[in-house]
> 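Below you will find the structure I want to go over with you.
Residue numbers begin at 1 in each chain, while the letters A, B, ... track the order of the sequences. For the numbers below, each heavy atom of this structure counts, side chains included, while hydrogens, waters and symmetry mates do not.
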2 protein chains.
Amino acid sequence: MTDYYSSHPRFFVSVDCIIFGLKDGKLNILLTHRAFEPEMGKWSLMGGFVERDESVDDAAARVLRQLTGLDNVYMHQVGAFGRIDRDPGERVVSVAYFALLNANEADSELLRARGAQWTPVDELPELGFDHPEMIEKAREVMRRKFVTEPLAFELLPELFTLTQLQTLYELVMAQPLDKRNFRKRIAEFSCIEPTGQIDKTGSRRGARLYHYNPAVSADTFSFFKI
Amino acid sequence: MTDYYSSHPRFFVSVDCIIFGLKDGKLNILLTHRAFEPEMGKWSLMGGFVERDESVDDAAARVLRQLTGLDNVYMHQVGAFGRIDRDPGERVVSVAYFALLNANEADSELLRARGAQWTPVDELPELGFDHPEMIEKAREVMRRKFVTEPLAFELLPELFTLTQLQTLYELVMAQPLDKRNFRKRIAEFSCIEPTGQIDKTGSRRGARLYHYNPAVSADTFSFFKI
DNA sequence: ATTTTGGGTGTAAAATTAACACTCATTTTT
DNA sequence: AAAAATGAGTGTTAATTTTACACCCAAAAT
């Protein structure tokens, strides 16, 4: 029975996390400055090896937790990356995940300790390995899922204004949206509920604060009607 | 430098292929009857281990070629499957791919030799491992891609009738389509060209045969306008 | 008191999608 | 030879969805 396996090679399996967050009204991802080989000195995605006692999904969640201190973060697999020479040191097959989180909730102590830094997606430094390809793919997958699933609320704070929500959709979709049409559409979703509260920080007049009620949406959220 | 890696475990990495083809007007996938452990006697997807000298993508293409004799087949990654106990024998991380091919072109000798058999997707036997999950996911990914990419022509013969094309879309989308609206839409694609020829096998009157010209489509094929 | 700033609102035209039924050409049956 | 059967082929209209577009509001700052 072991024969079936034994003639084949084993590889390191790693996970790489494309961690999205909102910073200063821009879409950012968390990068770390690598303090060790290979690719020492270069910026890279946060990654780690899959251990014996964890699934690949669990490994990704662990790497995220170790970096941000956060649990129960939305994550989604982007795909496996398996080029022979993708890691210059050893043969490593890596599975990429993207994560969406509220940037304010991440443990900034931990981030600093690990040399992690939020970086706007349109100002990325040169990255090692096949990380640029992973990020590209992650943005693609995220954009697609954003249309049919209520992902925006993973990135926004608990309470948000409609302008914040619209800006986020514009960032992810990389296209401007009409304010009135956007609000008309939002009004159709009973899961996006106005709280009585007003945000006074973003404007003089103040803007209504909304929150997302997942219990209400449940079955059919679809921002652009598909 | 090796320290960075050496404390981590290595795993077998495999590929599993969800091979779609049309048989008797139904969507089928190729299954093999396993003649060896683990899961001997059960039906399973065609898979294989990734070897040292090949990328994961290449391994999938090789497994497909070894089974069907075909090269240059459309393949697309479905994702990595990494549950700890997904393979009862050993820890194996598997990357699933779906493939689309013209069932008539596969080498039937090879298929027989390897115990492979076309099976309608709605009549699948009990499958081992996490293969049901892989198939589910593969169908999902395929359905999504079918809308925006000209995948139908990978499954159809070189020449096909519009009824064949519509039936295929109905199979993949799992919903009936209006004949007149369908043909109106098809008429807009200059890449779907009528040949002068007539198919007399499918009907008494005979139906025009079309073929797909990839050179014409190129940029924007999108069956349902997104 | 005036200016500035982002928040908030409705309607009409254009485009797309959905619904729908009959004739045609040929083969098979009687 | 006539009739029946079968899948191929064809346009129009209503309904829905999407897009385009401009002004007033409330509060703070000057």
> Under 4.0 Å from OP1 or OP2 of C/dG7: is there any side-chain N or O of A/Thr163 that close?
yes
> Quick check on DNA chain C: between A/Arg180 and A/Ser203, whose nearest nucleotide comes earlier from the 5' end?
A/Ser203
> Can you tell me how far P of D/dC21 sits from CG of A/Leu177, to the nearest Å?
16 Å
> Over 60° means perpendicular and under 30° means parallel, so classify the ring planes of A/Phe20 and A/Phe98, tilted if in between.
perpendicular
> Nearest whole Å is fine: how far is C/dC24 P from B/Leu162 CG?
20 Å
> Can B/Glu133 and B/Arg86 be said to form a salt bridge (charged side-chain N to carboxylate O under 4.0 Å, His left out), step by step?
CA-CA 11 Å; B/Glu133 195 188 335; B/Arg86 56 168 297 283; over 6 Å; no
> Select base, sugar-phosphate, or nothing to describe what B/Arg208 touches, counting heavy atoms under 4.0 Å on all strands.
sugar-phosphate
> Under 3.5 Å, is there a donor-acceptor pair linking the side chains of B/Ser94 and B/Asp16?
yes
> How close or far is atom P of D/dA8 from atom CD of B/Gln197, stated in whole angstroms?
17 Å
> Between P on D/dA22 and CG on A/Asp178, what's the gap in Å once rounded to a whole number?
11 Å
> Using atom CD of B/Glu188 as one end and atom P of C/dA15 as the other, report the distance to the nearest whole Å.
14 Å
> I need the NZ-P distance between B/Lys179 and D/dT6, as an integer number of Å.
14 Å
> Kindly point out which of D/dT18, C/dG7, D/dT10 is positioned nearest to the side chain of A/Arg183?
C/dG7
> Note the angle between the end axes of the helix from C/dA1-D/dT30 to C/dT30-D/dA1, five pairs defining each, rounded to 10 degrees.
10°
> Output the distance between atom CG (A/Leu159) and atom CD (A/Gln164), rounded to the nearest 0.5 Å.
9.5 Å
> Out of B/Lys145, B/Glu149, B/Met142, which residue meets the side-chain contact (heavy atoms from CB on, under 4.5 Å) rule with B/His76?
B/Lys145
> How long is the line joining CD1 of A/Ile186 and C1' of C/dT9, in whole Å?
16 Å
> Find which nucleotide of DNA chain C each of B/Arg204 and A/Asn181 is nearest to by heavy atoms, and output the residue with the more 5' nucleotide.
A/Asn181
> Assess whether one donor atom and one acceptor atom, taken from the side chain of B/Arg205 and the base of D/dA8, lie less than 3.5 Å apart.
yes
> Closer than 4.0 angstrom, basic N to acidic O: yes or no for A/Glu188 and A/Arg185?
yes
> Taking only the side-chain heavy atoms of B/Lys184 (C-beta and beyond), determine which of C/dG7, C/dA19, D/dT18 contains the nearest atom.
C/dA19
> Using a heavy-atom cut-off of under 4.0 Å over every strand shown, decide if A/Lys200 touches base, sugar-phosphate, or nothing.
sugar-phosphate
> To the nearest angstrom, how far is B/Ile198 atom CD1 from D/dG9 atom C1'?
11 Å
> In terms of the angle between their ring planes, are A/Phe146 and A/Tyr169 parallel, tilted or perpendicular, with boundaries placed at 30° and 60°?
perpendicular
